Amino acid sequence: MKQNKISPLFGTYIGCAMIAYFLLLSLVDLHKKPIFSAFNLIIMGVGLYYTISKYKNEQNGVFKYLNGFWVIFQAGIIATFIIVAFFALYITELNDGILTEMLTTWKTSYDLTPGFAVLGLALMGFSTSIICALLLMQLFKRSWNTKEGRKHEL
């Protein structure tokens, strides 16, 4: 498989968009409320949609399922690494009290360390990437029910 430049580019865009969203929330002091992080799913989904759209255009509409899946998954992993690195820096260096403030919002008595918070964020990003890749490939794969689909698949 040849070198793919779409995944790193779009992965970086997605990661930067999620960082910008987080910083925008922090300006209005809403970054402490975990419910607002649900919009990151939309950012990731839309970004991965455009990733596979660009890849399909570059391949003239003909590509193998596994290659398309891999392009989407790589972009999601890159975006996840970017947001996890930023979040780790943010909660340890820039605002080390945010975890306590977030837990106060939940009104629970959990003992959350930065390591567990970063691990949780990474696992959510990885799982979102694989689920989005599986879902989006259903939209972009070629159908095997036509003569053209069978001819181009292998």
Side-chain angles (χ1 to χ4, degrees), residues 1-61 63-141:
M1 186 164 76
K2 70 179 190 174
Q3 184 65 24
N4 174 19
K5 294 184 174 134
I6 296 172
S7 295
L9 179 67
F10 277 85
T12 304
Y13 288 159
I14 296 166
C16 290
M18 287 193 286
I19 290 171
Y21 173 66
F22 180 82
L23 292 175
L24 182 68
L25 285 178
S26 69
L27 286 176
V28 291
D29 206 34
L30 292 174
H31 65 298
K32 300 171 196 166
K33 299 185 180 195
I35 190 68
F36 288 106
S37 68
F39 190 70
N40 282 333
L41 293 171
I42 295 170
I43 294 171
M44 178 81 85
V46 169
L48 294 178
Y49 176 84
Y50 283 116
T51 303
I52 192 62
S53 295
K54 177 75 170 169
Y55 181 72
K56 184 177 181 179
N57 289 340
E58 282 193 0
Q59 300 298 317
N60 297 322
F63 60 91
K64 292 184 179 178
Y65 182 92
L66 184 61
N67 294 344
F69 175 85
W70 190 242
V71 166
I72 299 170
F73 186 61
Q74 280 180 329
I77 294 300
I78 291 168
T80 299
F81 279 132
I82 290 171
I83 191 68
V84 164
F86 169 77
F87 191 69
L89 177 72
Y90 188 81
I91 65 174
T92 58
E93 302 298 325
L94 301 176
N95 188 359
D96 57 355
I98 189 169
L99 292 179
T100 309
E101 293 175 26
M102 287 174 76
L103 288 176
T104 326
T105 304
W106 287 342
K107 293 182 178 40
T108 60
S109 59
Y110 295 120
D111 183 26
L112 184 63
T113 63
F116 281 128
V118 168
L119 177 66
L121 182 63
L123 290 175
M124 285 189 293
F126 297 150
S127 60
T128 301
S129 299
I130 199 163
I131 289 169
C132 282
L134 290 169
L135 289 173
L136 289 172
M137 281 310 297
Q138 297 306 308
L139 294 174
F140 286 92
K141 73 178 182 179

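This structure is a prediction, so every number in the text was calculated from the model and none was measured. Only this structure's heavy atoms are used, side chains among them; waters, hydrogens and symmetry mates stay out.
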Test side-chain contact (heavy atoms from CB on, under 4.5 Å) applied to Y55 and N67, step by step: CA-CA 10 Å; Y55 181 72; N67 294 344; 3.4 Å; yes

Kindly list each side-chain donor-acceptor pair under 3.5 angstrom involving residues 18-28, sequence neighbours excluded, with atom names and distances?
unit_1	atom_1	unit_2	atom_2	d
Y21	OH	F36	O	2.7
S26	OG	L23	O	2.7

Where [X] and [Y] come nearest, the two heavy atoms and their spacing:
X: T80; Y: A122; result: CG2-O, 3.8 Å
X: C132; Y: G45; result: SG-CA, 4.2 Å
X: M137; Y: G68; result: SD-C, 3.6 Å
X: S7; Y: Q74; result: OG-OE1, 3.4 Å

Partners passing ring-ring contact (aromatic ring centres under 6.0 Å, His included) against F126 (at least two apart in sequence or in another chain): F81

pair I43-Y13: side-chain heavy atoms closer than 4.5 Å: no

Pairs involving residues 43-54, ordered by first then second residue, that meet side chain to side chain donor-acceptor pair (under 3.5 Å) (sequence neighbours left out): none

Test item: S129 side-chain N/O and F73 main-chain N/O as donor-acceptor pair under 3.5 Å: no

Atom [atom1] of [X] and atom [atom2] of [Y]: how far apart are they, to the nearest 0.5 Å?
X: L136; Y: I52; atom1: CG; atom2: CD1; result: 7.5 Å
X: I72; Y: L135; atom1: CD1; atom2: CG; result: 9.5 Å
X: I14; Y: I83; atom1: CD1; atom2: CD1; result: 11.5 Å

Results of side chain to side chain donor-acceptor pair (under 3.5 Å) for T128 - residues two or more places apart only: none

